[in-house]
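Just so it is clear, the model here is predicted, and its values are computed rather than measured. So you know, we letter chains A, B, ... as the sequences are listed, proteins then strands, and number each from 1.
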Amino acid sequence: MNVLILSVTLWIVQAALTLAMCLCVYRMVRGPRAQDRILALDALYVCAMLVLLSFGVRTGSTIYFEAALIIGMLGFVATVSLAKFLMRGEVIE
Amino acid sequence: MTRFLPYPILTACLALMWLLLAGFTSGQLVLAVLVAIGAARALKALGEASPPVKRWLLIVEFIGIVLYDIVRSNLAVASILLSGEGRPRKSGFITMPIKLRNPTGLATLAVVLTSTPGTAWLDYNSTRGELLIHVFDLVDEEVWIDQIVNRYEKPLLEIFE
Amino acid sequence: MINFSHADVPLWAAIVGSAFLLVGAGLTLIGTFGLVRLPTFYERIHAPTLGTSWGAAGMIMGSMIIFTAASARPVFHEILIGIFVTVTTPVTLMMLGRSALYRDRSELNPGVPPKGADDLSTTDENSAETLS
């Protein structure tokens, strides 16, 4: 019973998060402006992090947790530097 | 306390974070404490001032208020997003003056305003003390200003100043 | 390092943890749905916060409950992700909002609050107007 509940839940959760990632990609392709694309990229990073968390629950191993943490950090740095680039036209001043 | 251990809370948080990442063993505990003390002393060399915190009980109450508001505004924004074009919704900018000046308090206010879906912190003018936020469901500007001043700014003022 | 199979998870933890996981994933999906549907950038900036506040928190709580119950000892390292996301989201959204404001003001787009006389962005010389 508990195995059935967990596998059905994880199936739904991963399907929902994949659909969320597809919606982010759609917004990133459509734009219309650079800030919309960066916002969509940030949301895509968060969704990827949550998908890795759900992989951790599915496989029952903590190895995915480190990957999720690193994706979160890289996403933060990427978004901040891209936003900085929009504002000034260069990243390092 | 202040010479040897400049930031006791920060040191404890860093040590705890190290233990969460590396696992709770006695060897890692020693390493975590050493790293945390070193990091706190390095920050002291940078000359950052420790924020003065006066009322610890109020912090707990404030966290409770914020968590409740985050749940409430999550539900509100989710229902608006799902409801389609049922009623005309207006979103807009609010420029409001705030009395909070402490950098730690302002950072906390930024985290709170951004974490609650429905309000987004856009800009803060430090010379005039004016805050520019964007509100997703702007029915009445006064209600939002009143909520931010009374629910968030007042406790933060009491905690940090 | 923890390893467990789904048969180790007690029934109550499976139910409660699944509920949290579903709430988190559902809120994230609604947030990105709003990202696609909303008409202007300043409205869209609110949509991903659903995913970073209770979307992430729900997934983290569900994961913590299932791991703790299955391995029979407290597991809460996932909370680091929650703290990290909570602290970094304001920074990214604030930077994005400010750069969007700056670009809209420098292009004289309508529907943007005018800048104050002594705002920081008036001193910018390298404008990014050519990007789009």
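The shortest distance between side-chain heavy atoms of A/Leu50 and C/Ile60 does not fall below 4.5 Å. Residues C/Phe67 and A/Val57 are in side-chain contact: their nearest non-hydrogen atoms beyond the backbone lie under 4.5 Å apart. For the pair A/Gln35/C/Leu101, no side-chain contact is recorded, criterion being any heavy-atom separation below 4.5 Å from C-beta on.
Only the side chain of A/Tyr26 comes within less than 4.5 Å of a heavy atom in chain C; its backbone stays farther off. Both the backbone and the side chain of A/Leu69 have a heavy atom closer than 4.5 Å to some heavy atom of chain C. With a 4.5 angstrom heavy-atom cutoff, C/Ile66 touches chain A only via side-chain atoms. Both the backbone and the side chain of C/Ile45 come within less than 4.5 Å of a heavy atom of chain A. Looking at A/Val13, the atoms closer than 4.5 Å to chain C (heavy atoms on both sides) sit in the backbone and in the side chain alike. Heavy atoms closer than 4.5 Å to chain A are found nowhere in C/Ala70, neither backbone nor side chain. For C/Leu38, the part sitting under 4.5 Å from any heavy atom of chain A is the backbone (N, CA, C, O) and nothing else. For A/Leu10, the part lying under 4.5 angstrom from a heavy atom of chain C is the side chain only. Both the backbone and the side chain of C/Val36 come within contact range of chain A, each with at least one heavy atom under 4.5 Å from a heavy atom of that chain. When heavy atoms are compared at a cutoff of 4.5 Å, A/Ser54 approaches chain C by way of both its backbone and its side chain. With a 4.5 Å cut-off on non-hydrogen atoms, A/Met21 does not touch chain C at all.
A distance of 9.0 Å separates OG of C/Ser63 from CZ of A/Phe65, quoted to the nearest 0.5 Å. With rounding to the nearest 0.5 angstrom, the OG1 atom of C/Thr32 is 11.5 Å from the CZ atom of A/Arg27.
The two atoms that bring A/Ala16 and C/Leu29 nearest to each other are O-CD1, 3.5 Å, heavy atoms only. Considering all non-hydrogen atoms of both residues, C/Ile81 and A/Met49 come closest at CG2-CE, 3.6 Å.
Of the candidates A/Asn2, A/Ile5, A/Thr9, A/Ile5 is the only one forming a side-chain contact (heavy atoms from CB on, under 4.5 Å) with C/Ile15.
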(request) Run the numbers on A/Met87 and C/Met95 for side-chain contact (heavy atoms from CB on, under 4.5 Å), then give the verdict. (result) CA-CA 9 Å; A/Met87 194 121 146; C/Met95 299 274 298; over 6 Å; no
(request) Evaluate side-chain contact (heavy atoms from CB on, under 4.5 Å) for C/Leu96 paired with A/Ile38, printing each intermediate quantity in order. (result) CA-CA 8 Å; C/Leu96 260 184; A/Ile38 296 176; 3.8 Å; yes
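More than 12 non-hydrogen atoms from other residues, nucleotides or ligands lie less than 6.0 angstrom from CZ of C/Phe84.
Looking only at heavy-atom pairs under 4.5 Å with chain C, the residue among A/Asp42, A/Leu39, A/Val3, A/Thr79 that has the most is A/Leu39. Comparing C/His77, C/Met59, C/Met94 by heavy-atom pairs within less than 4.5 Å of chain A, the highest count is held by C/His77.
Identified by a heavy-atom distance below 4.5 Å to chain A, the contributing residues of residues 18-25 of chain C are C/Ser18, C/Leu21, C/Leu22, C/Ala25, in residue-number order.
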